[in-house]
Structure formats: C-alpha cells, structure tokens
Amino acid sequence: MTIPGIPLLLQAIVNGILMGGVYGLIAVGLTLIFGVMNIINFAHGAFMMLGMYATYWLYVLLGIDPYLSLLLTIPLLFIVGLLIERFLIAQVLDAPGHNQLLLTLGISLFIENFAICLWSPNFRTLEIPYLQNVVNIGTVMISIPKVIAFLSAIIFTALLYYFLKKTDMGKAIRAASEEKEGALTVGINLKKIYYVAFGIGAACVGAAGTVIAPFFYVNPHVGGIFVIVAFVVVVLGGMGNFIGAFFAGLIIGLAESVGAAFVPGQVKQFIIYFIFILVLLFKPEGLFGRSNE
Amino acid sequence: MSFLKADEINVQYEDMHVLQEVTMEIDQQKIVTIVGANGAGKTTFLKTIAGILRPTSGEIRFLGDRIDHLYPHKIVEKGLVRIPEGRKIFPSLSVLENLELGSYLPKPKAKRPESLEKVFFLFPVLKERSKQLAGTLSGGEQQMLAIGRGIMSLPRLLMLDEPSLGLAPVLVREIFRSVREINKQGTTILLVEQNVFTALDLAHDGYVLENGRIVLKGKSKDLLHNEHIKEAFLGI
C-alpha cells in the first residue's frame with residue numbers, strides 16, 4: 001500500500017464521482033427491472049455493449065456524433081428490451097428463480113457471441129477530435145467525455161425519476177412493483193408494465209453505453225466489466241430502490257477510484273467486492289433500504 | 001337479461017375442487033352477499049369473476065356478454081371492480097396517488113376530478129391525509145382508501161372481499177354505512193363476509209357457501225331467520 005499525495009487523491013475523487021454517476025445509471029435500469037419483475041437481468045451488460053456498438057458504428061459509418069446518437073440508441077435499446085421481455089422473459093416470470101437466471105444468462109451469451117460473429121472480438125475505440133481535450137483545474141485533470149457522461153447520467157436518472165413520480169404510467173410501474181394484486185384491481189395490465197419496465201431498464205443501460213463509448217474501448221464482452229459493478233451497486237442501494245441505486249453508484253465509483261490510489265492497479269476490484277461482502281454481512285437490505293418497505 | 005350471472009362455475013387448484021357448480025345471479029342496484037366460513041371458496045369466487053382465476057368449466061356473463069375468458073384489466077374496464085381482502089393498497093405511494101391509480105384506465109381517468117370529490121365526500125379523512133403515504137394510515141383508513149380507490153374506477157359492480165376484517169366495531173359500522181351509501185348512488189354491490197349477521201342485515205339477497213358449494217340462497221331477511229344459518233354461524 002502506498003500513501004498518495006493530495007493532488008493524486010483529488011484526482012481520484014473527481015474520477016470516482018464521474019464514473020460513479022455512470023455506474024448509477026447502469027444500476028438504475030437494473031434495479032428498476034428487479035423492483036418491478038423480481039428478475040435479475042444478467043443480460044444487462046449485453047444491452048450496454050449493444051448501446052456502445054450502436055454508437056460506434058453510427059459514428060464510423062455515418063459520422064453521427066456519439067451524443068447525438070443517443071436519439072437512436074435509447075429507442076433502439078428500449079425496443080430490444082421490450083421484445084426480449086415480451087417474447088422470452090414473459091414465459092418464465094412464474095418459473096423458479098434458477099430458470100429465470102438461466103434464461104437471462106443465455107440471452108446474454110447469445111447476444112455477446114452474436115456480436116463476436118458480426119464485429120469480431122477486436123477492441124475498438126472511438127477517436128473523436130473534440131473529445132480529446134482535458135481541462136485542468138489546479139492539479140486535477142478533468143476529461144471532457146467523462147464530464148459529459150456524468151452529466152448525462154444525472155439528466156437521465158432525473159428524467160426517469162420524474163416519469164415514475166409524475167406520470168400515470170410511472171405511478172402504475174411503482175404500484176405494480178409493490179402490490180401486484182392491487183395493480184390488477186385498478187385495471188393495470190401487468191404484462192404491459194413488465195415489457196415497458198424492461199424496455200426502460202434496457203434503454204438506461206444503452207444510454208450509459210453510448211456516453212461511455214467516447215472514452216472506453218468497445219468489445220463484445222465490455223458490458224460484463226460494468227455490470228458486475230452494477231450488481232454491487234444495486235445491492236448497496238437496496239434492491240429495487242431507484243434513488244438508492246444512483247447514490248450507491250457514486251459511492252462505489254469513489255471507493256473504486258480512491259481505493260486504486262492506495263493499492264496497486266489490479267487489486268482495485270478487490271475493494272468493490274470487499275464493500276459488497278460487508279454490506280451483505282451487516283446491512284443486507286442495502287444502505288438505503290428497499291423502496292417498497 | 002341479468003346484470004351478472006355465473007353459471008355452474010367450477011374452479012380447481014391442482015386436484016382440489018375449490019368451487020363446485022356455483023350458480024349465482026346478481027340483480028342490478030342490489031346488495032348481494034356471499035357468506036360462509038373461512039375456506040368455503042368466497043374469495044376464489046370473487047377472483048374468478050375478476051378474471052384472476054379461470055374457471056375449469058361454466059360461464060360468467062355480464063349484461064349478456066361472456067367475461068370468463070377476459071384479462072383482469074379488461075374486466076375492470078367493463079366496470080367490475082374488486083376490492084381485495086387485505087386491501088392491497090400501494091403503501092409507498094401517497095393517498096392521492098393511490099386514488100389516482102384507481103382511475104388509471106381511460107374512461108375513469110376522464111372523470112378523475114368528479115370521482116375524487118365523491119370519494120372525499122364519502123371519506124373526508126382521506127382528503128385530510130391525501131399527501132400522506134398510504135402505508136402510514138390506520139387499518140380502518142386503509143380500508144376506506146381501498147374502497148375509495150375502487151370508486152375511482154367507476155364500478156358498475158363493486159365486489160368487496162371481507163372489508164370488515166381486523167377492524168374495530170365502530171369502524172366496521174362506518175365501512176358498512178359507506179357500502180350502503182355507494183349502493184344508494186346506484187352501484188351494485190357483491191359483498192363477501194365472515195361477519196354473517198351484519199352482512200345479511202345490510203344485503204338484499206344472500207348466498208351461503210360451504211366447501212365450495214352453494215347450500216342456501218334467498219332474500220337475506222329470510223336467511224337471517226333460517227335455522228341452518230342460526231346454527232352454523234350465529235350460534236343460536
């Protein structure tokens with residue numbers, strides 16, 4: 001272990017918060033799906049990878065700006081999620097948990113391997129001239145695409161929060177996540193709620209993929225790196241707790257980045273799982289509790 | 001054409017026969033009650049009308065149309081609204097949000113302001129607590145909220161499953177008063193109760209369910225004086 005200097009520590013804090021916002025957005029989608037359907041979506045990382053590739057190809061082939069591509073990747077992933085729920089996940093909603101796990105894991109393997117067939121396992125990077133800039137504030141270097149990713153994550157989370165709080169559809173999603181029989185009695189079509197919620201979850205992680213693509217490599221397995229972290233975030237935030245997930249994302253981002261300043265590079269993953277185990281041992285309901293209780 | 005008619009309904013869970021040849025007719029504007037012991041099949045019957053359970057045989061008609069194959073939300077759309085046992089309100093949503101969700105479907109939504117006024121008139125306490133989370137209400141208030149949420153769906157038939165369960169006698173009277181009031185305003189009521197005497201006292205017609213079969217039916221005034229009922233439920 002090394003003791004970092006103040007400049008390095010500040011740098012780590014800034015990086016941690018910026019990445020934490022993105023972790024938050026990924027986890028928000030995951031926790032929404034879990035809260036409503038009680039399903040752990042192992043295909044979440046594959047959805048993120050699809051969002052990244054969509055952004056990559058839209059830029060490389062058509063020259064569409066990565067941030068402008070959000071207008072396409074969000075609806076695209078919403079539809080992908082919706083169709084997968086409607087035709088596959090819906091079949092196992094009443095099945096035991098291990099069947100659901102096998103299905104979402106199978107979907108994930110399928111999508112990732114299909115991506116390898118189509119696009120090869122090569123690592124690709126987007127090189128966008130105007131995003132290469134770094135702003136210096138004192139000794140801290142701030143990368144522009146990370147700032148944009150962070151701000152986008154806040155905006156998308158806030159929009160989703162507004163949707164869930166203020167619209168009838170959003171209220172119906174919250175209602176269905178906490179009281180299924182009550183939802184049926186007011187005429188809510190649960191099947192529709194499920195595919196809409198799943199679509200929204202996929203759209204969130206797709207958006208996260210798009211805003212990460214400008215500063216991270218693209219590869220068929222890239223989703224796994226983020227989604228494993230997102231599972232920790234979801235548990236930390238309280239399974240199904242929307243706001244908890246976002247703040248837990250910030251905490252994990254910070255822990256990972258600041259931790260990496262103290263320990264050698266490859267050991268930093270250890271810190272996340274160490275937190276995960278502590279939470280499971282001492283506060284299994286998560287830091288913020290389950291939203292429904 | 002009858003308002004609601006269930007014809008020889010059979011419902012089975014795995015190999016258990018929960019309802020056997022249940023035939024029931026409900027006239028418009030009436031209060032009809034189904035009484036019977038725990039496990040007699042009362043809740044199963046309401047869930048079957050609401051489309052949550054499917055009958056293995058038999059048919060259910062509402063105003064002449066078959067409804068026994070419809071999805072639950074389509075049945076609510078037709079105006080058959082069930083207030084489930086245990087209320088099933090949305091605890092982390094506010095009282096107002098709970099009521100708004102009662103008018104989730106397009107037709108009730110168009111009448112949301114009028115319906116809200118009606119509910120607040122019937123249960124003024126819900127207006128006082130409209131911003132509170134529903135989970136923080138007392139048991140009696142939660143039951144009022146569940147009924148209020150049902151009214152928001154513009155019911156033509158309101159089905160209440162054990163509304164008096166777990167409530168103090170003074171609140172039971174309050175709930176039954178509101179049921180009578182809702183009926184006076186033109187809504188047909190199907191009331192399931194273990195509280196046999198109070199339910200028969202309130203209703204026009206009654207059915208007695210035992211082990212999934214209807215063993216008695218008639219005007220509730222007559223049922224109140226029936227020897228079998230006195231013996232089985234009233235302990236007289």
Side-chain angles (χ1 to χ4, degrees), chain A residues 28 31-32 34-38 86 90-91 93-96 160-197 237-245 285-286 288-293, chain B residues 43 46-47 49-53 70-94 96-110 112 115 133-136 142 145-155 158-161:
Chain A
V28 156
T31 213
L32 178 73
F34 178 82
V36 175
M37 306 169 70
N38 237 336
R86 185 97 165 71
Q91 317 291 326
L93 277 182
D94 297 323
L160 188 52
Y161 182 76
Y162 180 84
F163 167 78
L164 289 173
K165 271 284 185 201
K166 295 292 173 200
T167 66
D168 270 18
M169 186 59 156
K171 287 173 194 167
I173 289 177
R174 283 158 59 212
S177 80
E178 64 176 38
E179 184 47 77
K180 304 259 181 300
E181 198 183 338
L184 285 175
T185 68
V186 299
I188 291 171
N189 180 356
L190 284 181
K191 287 185 179 155
K192 184 172 161 192
I193 294 293
Y194 293 156
Y195 60 68
V196 170
M239 307 276 282
N241 184 338
F242 188 80
I243 295 299
E285 73 278 16
F288 305 93
R290 225 205 116 131
S291 62
N292 299 350
E293 278 149 16
Chain B
T43 296
L46 290 194
K47 281 190 174 172
I49 296 180
I52 291 173
L53 297 172
L70 295 180
Y71 286 122
H73 64 274
K74 290 285 172 197
I75 292 177
V76 177
E77 212 167 274
K78 283 186 171 287
L80 289 90
V81 177
R82 187 178 64 107
I83 295 163
E85 185 179 350
R87 297 132 201 172
K88 310 289 180 191
I89 54 162
F90 310 119
S92 73
L93 271 63
S94 74
L96 184 63
E97 286 175 322
N98 268 269
L99 292 172
E100 284 170 349
L101 278 173
S103 54
Y104 174 74
L105 292 169
K107 249 191 265 173
K109 191 174 175 175
R112 185 175 285 174
S115 306
L133 294 188
T136 65
Q142 290 193 10
L145 179 59
I147 296 176
R149 188 180 65 183
I151 294 172
M152 297 295 295
S153 311
L154 303 181
L158 191 65
M159 299 179 269
L160 294 110
D161 196 347

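In this text, all values refer to a predicted model and were calculated from it rather than measured experimentally. Chain naming here is simple, since letters A, B, ... match the order of the sequence lines and numbering starts at 1 in each.
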Taking only distance into account, with no hydrogens and no angle test, what donor-acceptor pairs under 3.5 Å do side-chain atoms of residues 70-77 of chain B form with protein atoms, sequence neighbours excluded?
from, atom 1, to, atom 2, distance (Å)
B:Y71, OH, A:K191, NZ, 3.4
B:H73, NE2, A:N189, ND2, 3.4

Using only atom types and a distance under 3.5 Å, with no angle test, would you say the side chain of A:E181 pairs donor to acceptor with the backbone of B:K88? no
Heavy-atom count check: over 12 atoms from other residues, nucleotides or ligands less than 6.0 Å from A:F163 CZ? yes
Which is it for B:R149 and A:T185 under the side chain to side chain contact (heavy atoms under 4.5 Å, CB included) test, yes or no, and what are the steps along the way? CA-CA 9 Å; B:R149 188 180 65 183; A:T185 68; 3.5 Å; yes
Is the shortest heavy-atom distance from the side chain of B:S92 to the side chain of A:R174 under 4.5 Å? no
Which residue out of B:E97, B:M159, B:K47 racks up the most heavy-atom pairs below 4.5 Å with chain A? B:E97
Under 3.5 Å, which donor-acceptor pairs link side chains of residues 101-109 of chain B to any protein atom two or more places apart or in another chain?
from, atom 1, to, atom 2, distance (Å)
B:S103, OG, B:E100, O, 2.9
B:S103, OG, B:R112, NE, 2.8
B:K109, NZ, A:D168, OD2, 3.3

Any side-chain heavy atom of B:L93 sitting closer than 4.5 Å to one from A:E178? yes
